[in-house]
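Read the structure below first, then the notes.
Counting begins at 1 with the first residue of the sequence.
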Amino acid sequence: MPSQRKIVETDVIAVAVYTNQALVTRRGVVELSGQEKELIVSRLPVTIETKSVRVRGKGNVAVRLLGVNIERIYTTESVVARVSQLNQQIEQLEAQKRQFQAQMDALALQSRFIEGLREKTQEQFSISLARKSISLSETLDLVNFLGSQYTEYAIATEDYKNQQRELDKQLEVLYASLKETKSPSPQESFNLTVGIDCDGAGEFELEVSYVVNHASWKPLYDIRVDSKRKSVNLGYLAQITQNTGEDWTNVNLTLSTAKPGSGTLPPKFKPWYIDIEQTQLNTRRARKFAAAPMAAKSRSFEFEEDDNFSGEIKQLENRIIEAEVTTAEVSREGNVVTFNLDSNGNIPSDGAPHKTTIFQDDYSCNFSYTAIPRLVSFAYLQAKVKNNSNGATLLTGKANIFRDNIFVGTSELENTVPGEEFKLNLGIDEGIKIKRDLVEREVDKRFIGNLRKITYAYRLQINNLLDTEAKLELIEQLPVSRNEQIKIRLNRTNPQIQLGEMGILQWNFILAPQEEQEIYYQFTVEHSPQLTVVGLDI
C-alpha cells in the first residue's frame with residue numbers, strides 16, 4: 001500500500017534580503033500517487049520565524065493544501081562513512097610514518113657500518129702513513145669519504161624526522177576528528193509537514209517561503225569624480241551578510257529596504273508622568289511598582305508585532321514570488337525600495353560580508369568651493385550632484401570617494417530620492433589660495449561711558465590659481481558674547497554683507513580664472529575695564 005507521507009526535496013530558488021532578515025523561497029517537485037495525506041519538507045534552518053511560513057503549489061492534479069505544521073527535531077547524522085574515511089586517512093599516514101622509520105633504521109645501520117670500518121682501519125692507516133706505504137692523498141680521500149657519508153646520513157635522517165613530525169601533526173588532527181565524529185552532537189532543524197488532499201496521481205510542485213533571521217544588507221558606494229569632465233561615476237554596491245544555516249546558491253536575489261515584522265501601525269502614546277523629587281525610599285518603591293507594568297507592556301508589544309507580522313510577510317511574499325526578473329531592476333512602493341538582481345546570486349551561510357553590484361551610473365555635477373580662512377588657508381572643493389529623476393533612490397550608506405582616481409576619503413551618503421540633489425565633499429583644493437591678515441588692533445584709550453573699546457580689522461586676499469572660474473563661499477566668524485557686559489559690533493565690511501547668526505559672515509562670489517579678490521571687515525569689542533575677557537584669541 002502506498003505511503004500516506006512523502007518527502008519533497010526542495011531547493012532555494014529566491015531570496016529577498018531585508019535590512020535585518022530575509023525572505024527565502026524553496027521549490028520542489030514530487031510525484032503523487034493519490035494516496036498521500038502529508039508532504040514533508042525536512043531539515044529547514046532553525047533561524048526561521050515560524051509564523052512567517054507560507055506554502056503554495058500547482059500541478060497537473062488537483063491538490064488542496066489543508067494546513068502546515070512545523071516541528072523542531074534533533075538528528076544525528078550517520079557517521080559510518082565519515083569514520084571509515086578518517087580511518088583510511090590515518091592508516092595511510094601511519095604507513096608513511098613506518099616507511100620513514102624503516103629508511104631511518106637503514107641509514108643508522110649504514111652509519112654503524114662506516115663507524116666500524118673507521119675504527120678498524122684507523123690504526124692501520126696511521127702505521128701505513130708513518131711508513132710511507134700509503135700516500136697522504138689516499139688518506140685524505142678516505143677521510144673525505146667518511147666525512148661525506150656521515151654528512152649524507154645525518155641530513156637524510158633529519159629530513160625523515162621532519163617528515164615524521166609533520167605526519168604526527170596531521171595524525172593528531174585526524175584522531176581528534178575521529179573522536180569527535182564518533183560522539184557527534186545532535187543537529188537541530190525544523191521539519192515542515194503540509195497536510196494535503198489530492199484527487200489522483202500526478203506531478204505536483206510545492207513552494208515554501210519563510211523569513212529567516214541572521215541575514216542583512218547595507219548599501220555601499222564607490223564615487224569617482226572627474227574634475228575635467230565635471231562628471232561623477234557612482235557605483236551602487238550592496239554588502240550582504242547571512243548566517244542563516246543554509247547557503248544561497250544560484251538564487252534569484254532581491255534586496256529590499258522593508259522591515260518585516262516591525263508593525264504597520266504607528267506607536268501609541270503612553271502617559272508622560274512628571275513629579276517632584278522623591279526620597280530614596282519612595283524612589284525604590286516607585287521603581288519596584290513600575291517593573292510589573294513594564295513587563296506587561298513588553299509582552300503586549302510582542303503580541304502586536306506578531307499580529308501584524310503575518311499580513312506584512314504575505315504582502316512581501318506575494319510581490320517577491322511573482323516577480324520574475326533576469327536583469328537588475330529598481331522598484332519603489334511607498335518608502336520601500338526593492339532591487340531585483342540577476343538569478344545567479346551566491347551567498348554562503350558563513351557570516352562574512354559579500355559584495356555585489358546593484359548598478360553603475362554617470363551623473364553631471366557642478367563644482368563649488370567653501371573656505372573658512374580663520375581655520376584653513378585653502379578652500380574645500382564640493383560637488384553638487386543631482387540624482388536622475390527616473391533613477392533609483394540612493395539609500396543612506398558609506399561612500400568611498402575618489403577624485404581624479406585619487407582616494408580622498410570616505411563620507412556618509414544621505415538618503416536621496418530621484419530628482420534630489422546631494423553634495424560630495426572632495427577635500428582641500430590648493431588651486432584656491434587664501435591669505436588672512438590682522439591689519440588693525442586698536443585700543444581706544446578714552447573710556448566712553450566707562451567702557452573699554454578695542455577695534456579689530458582683517459583683510460583677506462583670495463587668489464584663483466585655476467584655469468577655470470570658481471564659485472566660492474567664504475565664511476568668517478566674529479566672537480559671540482556670553483555676557484551682557486561684553487558688546488560686539490560689526491562696523492563695516494567690503495564687499496558689504498549682513499551679520500548672520502552666531503557671528504557668521506558669509507560672502508558668495510564667482511572668481512574668474514587667475515582672478516584675485518580682496519575682503520575687508522572691521523568690528524569692535526566693548527566691555528568694562530574692570531572685566532578680564534577670556535576667549536578673545538584672534
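Defined by atom type and a distance below 3.5 Å, a donor-acceptor pair is present between the side-chain atoms of Asn388 and Asp361. Side-chain polar atoms of Tyr521 and Glu476 form a donor-acceptor pair below 3.5 angstrom. A donor-acceptor pair shorter than 3.5 Å can be found between the side chains of Asn213 and Gln21. Using a 3.5 Å distance cut-off with no hydrogens or angles, the side chains of Thr244 and Glu246 do not pair a donor with an acceptor. Thr410 and Asn400 are not linked by any side-chain donor-acceptor pair at a separation below 3.5 angstrom, with hydrogens and angles left out of the test. For the residue pair Asp226 / Ser231, no side-chain donor-acceptor distance below 3.5 Å is found, with atom types taken as modelled.
Counting heavy-atom neighbours within 6.0 Å of Glu430 CD, excluding the residue itself, gives a total of 12 or less. Heavy-atom neighbours of Asn405 CG from other residues, nucleotides or ligands within 6.0 Å: at or below the threshold of 12. Counting heavy atoms of neighbouring residues, nucleotides and ligands inside a 6.0 Å radius, atom CD of Gln498 does not exceed 12 of them. Annotation: Gln506, atom CD; neighbour count of heavy atoms from other residues, nucleotides and ligands within 6.0 Å is above 12.
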Pair Thr193-Arg5, side-chain contact (heavy atoms from CB on, under 4.5 Å): steps then yes or no:
CA-CA 9 Å; Thr193 303; Arg5 309 184 76 193; 4.1 Å; yes
Report the C-alpha distance between Thr249 and Val12 in whole Å, list the side-chain angles of each, state the deciding distance to 0.1 Å, and finish with yes or no for side-chain contact (heavy atoms from CB on, under 4.5 Å).
CA-CA 8 Å; Thr249 305; Val12 178; over 6 Å; no
Passes side-chain contact (heavy atoms from CB on, under 4.5 Å), Leu505 versus Leu478? Steps please.
CA-CA 8 Å; Leu505 299 172; Leu478 300 188; 4.0 Å; yes
Could you walk me through whether Val211 and Ile48 pass the side-chain contact (heavy atoms from CB on, under 4.5 Å) check?
CA-CA 6 Å; Val211 169; Ile48 290 178; over 6 Å; no
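Between Val480 and Gly503 the shortest heavy-atom distance is CG2-N, 3.9 Å. Closest approach of Ile519 to Pro495, counting heavy atoms only: CG1-CD, 4.1 Å. Nearest heavy-atom pair, Tyr221 versus Leu394, reported as atom, atom and distance to 0.1 Å: OH-C, 3.3 Å. Nearest heavy-atom pair across Asn415 and Thr393 is OD1-CG2, 3.8 Å. Heavy-atom minimum distance, Thr25 versus Ser209: OG1-CB, 4.0 Å. Considering all non-hydrogen atoms of both residues, Ala392 and Asn387 come closest at O-ND2, 2.9 Å.
In terms of modelled atom types and a separation under 3.5 Å, the side chain of Ser481 and the main chain of Lys487 share no donor-acceptor contact. Under the 3.5 Å distance criterion, the side-chain polar atoms of Asp437 are left unmatched by any main-chain donor or acceptor of Val439. For Gln514 (side chain) and Leu465 (main-chain N/O), a donor-acceptor pair under 3.5 Å exists by modelled atom type. Judged by distance alone, the side chain of Asn483 and the main-chain N or O of Gln485 form a donor-acceptor pair under 3.5 Å. Distance alone, capped at 3.5 Å, places no donor-acceptor pair between the Glu516 side chain and the Asn464 backbone. Within the 3.5 Å criterion, the main-chain N or O of Glu420 finds no donor-acceptor partner in the side chain of Thr416. Side-chain atoms of Asp197 do not come within 3.5 Å of backbone N or O of Arg64 as any donor-acceptor pair. Side chain of Asp404 to backbone of Ser227: a donor-acceptor contact under 3.5 angstrom is found. Remark: the backbone N or O of Gly245 is paired with a side-chain donor or acceptor of Ser349 at under 3.5 angstrom.
Using a 4.5 Å cut-off on side-chain heavy atoms (C-beta onward), Leu192 and Val208 make contact. Within the 4.5 Å cutoff, no side-chain heavy atoms of Leu253 are placed close to those of Trp217. At a threshold of 4.5 Å between non-hydrogen side-chain atoms, the residues Phe204 and Cys198 do not count as touching. Residues Lys230 and Ser364 fail the side-chain proximity criterion, which asks for heavy atoms closer than 4.5 Å. Proximity of Val41 to Asn191: side-chain heavy atoms (C-beta onward) are nowhere separated by under 4.5 Å. Counting only heavy atoms from C-beta outward, the side chains of Trp507 and Ile475 never approach each other to under 4.5 Å. For the pair Phe339/Thr254, no side-chain contact is recorded, criterion being any heavy-atom separation below 4.5 Å from C-beta on. Inter-residue side-chain proximity for Glu440 and Tyr520 is flagged as met; some heavy-atom pair is nearer than 4.5 Å.
Under the 6.0 Å distance and 45° angle rule, Arg224 counts as a cation-pi partner of Phe402.
The existence of a salt bridge linking Arg72 and Glu188 is confirmed by a sub-4.0 Å separation between a basic side-chain nitrogen and an acidic carboxylate oxygen. Remark: Glu36 engages Lys6 in a salt bridge, criterion side-chain N to carboxylate O under 4.0 Å. Residues Asp429 and Arg403 are paired through a salt bridge, judged by an N-O separation under 4.0 Å between the basic side chain and the carboxylate. Between Lys58 and Glu203, none of the side-chain N atoms (NZ, or NE/NH1/NH2) sits under 4.0 Å from a carboxylate O, so this pair counts as no salt bridge.
Taken to the nearest 0.5 Å, the CD atom of Gln477 stands 7.5 Å off from the CG atom of Leu375. Taking OG1 from Thr370 and CG from Leu472, the interatomic distance works out to 7.5 Å, rounded to the nearest 0.5 Å. Once rounded to the nearest 0.5 Å, the distance linking CD of Glu518 with CD1 of Ile462 reads 8.5 Å. Atom OH of Tyr369 sits about 11.0 Å away from atom CD of Gln382, to the nearest 0.5 Å. To the nearest 0.5 angstrom, Phe367 atom CZ is 9.0 Å from Leu424 atom CG. With rounding to the nearest 0.5 Å, the separation of CZ in Phe407 from CD1 in Ile401 is 8.5 Å.
If you look at Phe190 and Tyr210, their ring centroids are not closer than 6.0 Å.
Relative ring orientation between Phe523 and Tyr458 is described as parallel, the plane-to-plane angle staying below 30° on a 0-90° scale split at 30° and 60°.
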